[in-house]
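One structure below.
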Amino acid sequence: MSVQDALSWIEGSNTIFAVEFRKRTTNELRMMNCRRKCESRLRGGPPAYDPAEKNLLVVFDMANKGYRCFDPDAMTRIKIDGEWHLISE
């Protein structure tokens with residue numbers, strides 16, 4: 001699966017998915033269960049920066065119950081409907 005295919009699925013879906021990615025700052029491999037369209041915990045107004053300008057995707061982290069950002073180009077794999085898909089470049 002390509003990054004664009006994964007992003008298309010994420011944008012078109014409202015289900016929980018898992019994503020594995022490398023952090024920009026430390027290159028550490030991270031995994032997160034998240035969903036895209038969650039607005040129930042919005043607080044404090046708009047962010048101080050535009051995530052799109054920094055090529056970041058904003059998701060709701062289900063485990064930590066908060067909003068997180070990650071670089072879609074740093075995805076290594078994504079779990080959709082219980083099946084892992086490797087991300088190709």
Side-chain angles (χ1 to χ4, degrees):
M1 176 179 279
S2 71
V3 172
Q4 289 304 321
D5 290 340
L7 286 175
S8 294
W9 184 87
I10 290 169
E11 290 299 327
S13 175
N14 192 26
T15 61
I16 297 170
F17 62 96
V19 64
E20 185 179 75
F21 61 95
R22 294 208 171 267
K23 279 187 65 176
R24 280 184 176 174
T25 54
T26 63
N27 207 29
E28 174 187 354
L29 196 59
R30 288 269 179 100
M31 189 161 66
M32 180 170 35
N33 290 319
C34 50
R35 67 187 291 180
R36 181 77 167 118
K37 300 173 183 173
C38 180
E39 297 180 357
S40 64
R41 293 184 181 262
L42 288 176
R43 307 238 189 313
Y49 62 92
D50 180 11
E53 285 182 9
K54 297 178 183 279
N55 191 35
L56 295 173
L57 188 64
V58 180
V59 295
F60 185 78
D61 184 342
M62 303 302 288
N64 295 315
K65 298 192 181 355
Y67 291 92
R68 305 286 184 264
C69 297
F70 70 91
D71 180 1
D73 293 330
M75 285 190 291
T76 57
R77 58 188 191 147
I78 185 169
K79 188 176 186 179
I80 299 171
D81 296 327
E83 185 177 334
W84 283 103
H85 301 273
L86 290 175
I87 303 297
S88 58
E89 293 182 22

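It should be emphasised that the depicted structure is a prediction, and the values quoted were computed from it without experimental measurement.
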Please work out which of the three classes, parallel, tilted or perpendicular, describes the rings of Tyr67 and Phe60, given edges at 30° and 60°. perpendicular
Working for side-chain contact (heavy atoms from CB on, under 4.5 Å), residues Ile78 and Ile10: CA-CA 10 Å; Ile78 185 169; Ile10 290 169; 3.8 Å; yes
Measuring from atom NZ of Lys23 to atom CD of Glu28, what distance do you get when rounded to the nearest 0.5 angstrom? 5.5 Å
OG1-CZ distance between Thr76 and Arg22, expressed to the nearest 0.5 angstrom: 7.0 Å
Is it possible for you to say whether Val58 and Met62 belong to one hydrophobic cluster, with membership spreading through side-chain heavy-atom contacts below 4.5 Å? yes
Would you say that Ile87 contacts Phe21 through its side chain, given a criterion of any heavy-atom pair below 4.5 Å between the two side chains? no
Note, Phe17 side chain near Lys79 side chain (heavy atom, < 4.5 Å): no
Can you tell me how far CE of Met75 sits from OG of Ser2, rounded to the nearest 0.5 angstrom? 8.5 Å
Give the cluster check for Leu56 versus Trp9: same hydrophobic cluster or not, with ILVMFWY residues linked at side-chain heavy-atom distances below 4.5 Å. no
Checking the side chain of Arg35 only, and the main-chain atoms of Asn14 only, is there a donor and an acceptor separated by less than 3.5 Å? yes
Do you know the tightest heavy-atom contact between Val19 and Cys34? CG1-SG, 4.0 Å
Would you give the length of the straight line joining atom CD1 of Ile16 to atom CG of Asp81, rounded to the nearest 0.5 angstrom? 11.5 Å
Main-chain N/O of Ala52 paired with Asp50 side-chain donor or acceptor, under 3.5 Å: yes
Show your reasoning for whether side-chain contact (heavy atoms from CB on, under 4.5 Å) applies to Arg68 and Arg30. CA-CA 12 Å; Arg68 305 286 184 264; Arg30 288 269 179 100; over 6 Å; no
Check step by step if side-chain contact (heavy atoms from CB on, under 4.5 Å) holds for Arg36 and Leu57. CA-CA 9 Å; Arg36 181 77 167 118; Leu57 188 64; 3.5 Å; yes
Do Ile80 and Met1 touch side chain to side chain, with heavy atoms closer than 4.5 Å? yes
